[in-house]
Asks: 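Have a look at the structure that comes next, please.
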Amino acid sequence: MASKLSLLLNDDFTPLNFVSPVRALNLLFRGRAEIVNLDGPSVWDVTYETPTKIYSAPATLRLKRRAPKIEVTPRFTKKALFNRDGWQCQYCGVDLDDRSVTIDHVVPKMRGGPRTWKNCVTACKKCNMKKGSRSLSESGLTLRKNPSAPKMHHFWDVQKKNFVWHSDWIYFIKRD
Ligand SMILES: [Zn+2]
């Protein structure tokens, strides 16, 4: 079953993480966070009952005090790489799926190119073949954008099937 999660924002409205609605309510009760107001409170049509009150599950909440941002390079996974590149060949721009997608090493493996976010891009089979074990300049191909480590939401998309997207999140998360 698809789950409805709460988007936790830092005090400056930048996204921090997704948490369960129960954890979100807990943050509210402890005065650590508040529900974000857009056209109204950003909540789900799901409620939680306590003996004295009924609470709506928060969709978007914001910490009252800044939490330190922890910059970590996320672990390399194929799926997140393809999500980062929007499932498009980074050379010719063609749309790809599970069967047609490949990973291209910008500095070829044969030349010691590592399997890292900066050195790997999504490619179609044709461009991957064309590039082969040549460098970017030798191949005559150009990259559509500079590869870098993916953002948090590239990982979230991996679980898209079990994930209900709340329309309010568009204001805080860029889905590129
Ligand atoms: Zn291509």
Side-chain angles (χ1 to χ4, degrees), residues 1-88 90 95-98 101 103 105-106 114-122 143-176:
M1 200 187 80
S3 55
K4 290 180 173 171
L5 297 175
S6 306
L7 173 64
L8 180 64
L9 304 174
N10 215 339
D11 72 332
D12 62 355
F13 294 95
T14 54
L16 278 177
N17 208 348
F18 280 112
V19 296
S20 71
V22 171
R23 167 134 168 76
L25 286 172
N26 196 268
L27 285 166
L28 295 179
F29 295 153
R30 283 161 49 217
R32 298 267 319 275
E34 60 193 11
I35 290 186
V36 169
N37 247 282
L38 292 158
D39 281 332
S42 181
V43 292
W44 289 107
D45 54 358
V46 176
T47 53
Y48 290 86
E49 267 178 73
T50 69
T52 52
K53 216 178 158 189
I54 298 170
Y55 297 93
S56 295
T60 321
L61 72 168
R62 167 180 167 256
L63 287 178
K64 289 184 178 172
R65 289 227 203 135
R66 172 133 341 159
K69 272 252 169 83
I70 305 157
E71 295 288 341
V72 282
T73 303
R75 196 168 65 85
F76 186 96
T77 68
K78 272 201 226 174
K79 265 270 173 70
L81 180 81
F82 301 149
N83 286 336
R84 181 197 72 181
D85 296 339
W87 291 78
Q88 283 182 334
Q90 292 303 289
D95 287 324
L96 300 165
D97 61 22
D98 274 325
V101 73
I103 296 178
H105 289 64
V106 180
R115 188 181 165 93
T116 58
W117 295 118
K118 278 185 191 303
N119 194 50
C120 291
V121 294
T122 303
L143 281 171
R144 312 199 126 213
K145 61 179 187 230
N146 266 336
S148 61
K151 304 277 190 293
M152 224 179 3
H153 65 275
H154 295 121
F155 289 87
W156 301 336
D157 277 359
V158 171
Q159 37 183 341
K160 197 153 36 184
K161 274 187 230 135
N162 301 311
F163 202 86
V164 187
W165 184 265
H166 195 285
S167 56
D168 287 348
W169 296 343
I170 205 77
Y171 297 106
F172 310 105
I173 299 168
K174 196 172 154 266
R175 308 193 84 193
D176 56 9

Asks: Considering only heavy atoms from C-beta outward, does the side chain of E34 approach that of K64 to under 4.5 Å?
Replies: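 Yes - at least one pair of side-chain heavy atoms lies under 4.5 Å apart.
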Asks: When you compare the side chain of P58 with that of L28, does any pair of heavy atoms fall below 4.5 Å?
Replies: yes
Asks: Is the number of heavy atoms from other residues, nucleotides or ligands under 6.0 Å of N146 CG greater than 12?
Replies: no
Asks: Mind running side chain to side chain donor-acceptor pair (under 3.5 Å) on N26 and R30 for me, showing each step along the way?
Replies: CA-CA 6 Å; N26 196 268; R30 283 161 49 217; 2.9 Å; yes
Asks: Apply side-chain contact (heavy atoms from CB on, under 4.5 Å) to the pair R115 and I103, showing each step before the final yes or no.
Replies: CA-CA 10 Å; R115 188 181 165 93; I103 296 178; 4.2 Å; yes
Asks: Test side-chain contact (heavy atoms from CB on, under 4.5 Å) on S6 and R23 and set out the steps.
Replies: CA-CA 9 Å; S6 306; R23 167 134 168 76; over 6 Å; no
Asks: Of all residues at least two apart in sequence or in a different chain, which pass the ring-ring contact (aromatic ring centres under 6.0 Å, His included) check with F76?
Replies: W117
Asks: Please work out which of the three classes, parallel, tilted or perpendicular, describes the rings of W169 and W165, given edges at 30° and 60°.
Replies: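 Rings of W165 and W169: perpendicular, over 60°.
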Asks: Apply side-chain contact (heavy atoms from CB on, under 4.5 Å) to residues F82 and L96 and explain how you reach the verdict.
Replies: CA-CA 9 Å; F82 301 149; L96 300 165; over 6 Å; no
Asks: If we ignore hydrogens and angles and just use 3.5 Å, is the side chain of R62 paired with the main-chain N or O of T14 as donor and acceptor?
Replies: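 Not at all, since once roles are kept as given, no pair shorter than 3.5 Å links the two residues.
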Asks: Is N119 reaching over with its side chain to a backbone N or O of P114, donor-acceptor style, under 3.5 angstrom?
Replies: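 Yes; at least one donor-acceptor contact below 3.5 Å.
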Asks: Mind running side-chain contact (heavy atoms from CB on, under 4.5 Å) on D168 and I170 for me, showing each step along the way?
Replies: CA-CA 5 Å; D168 287 348; I170 205 77; over 6 Å; no
Asks: Has N17 got a side-chain atom pairing as donor or acceptor with L8's backbone, closer than 3.5 angstrom?
Replies: no
Asks: Side chains of L81 and K78: closer than 4.5 Å at any heavy-atom pair?
Replies: no
Asks: What closest approach, in Å, do L5 and S20 show between heavy atoms, and which atom pair accounts for it?
Replies: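 That would be CD2-CA, 4.4 Å.
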Asks: Is it true that S56 and W44 share a donor-acceptor pair across their side chains at a distance under 3.5 Å?
Replies: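 Side-chain D/A pair, W44 to S56: absent.
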Asks: Determine whether L143 and V121 make a side-chain contact, defined as any pair of heavy atoms from C-beta on separated by less than 4.5 Å.
Replies: yes
Asks: Taking side chain as C-beta onward, heavy atoms only, is P147 less than 4.5 Å from R84?
Replies: yes
Asks: Taking the side chain from Q90 and the backbone from Q88, do they hold a donor-acceptor pair closer than 3.5 Å?
Replies: yes
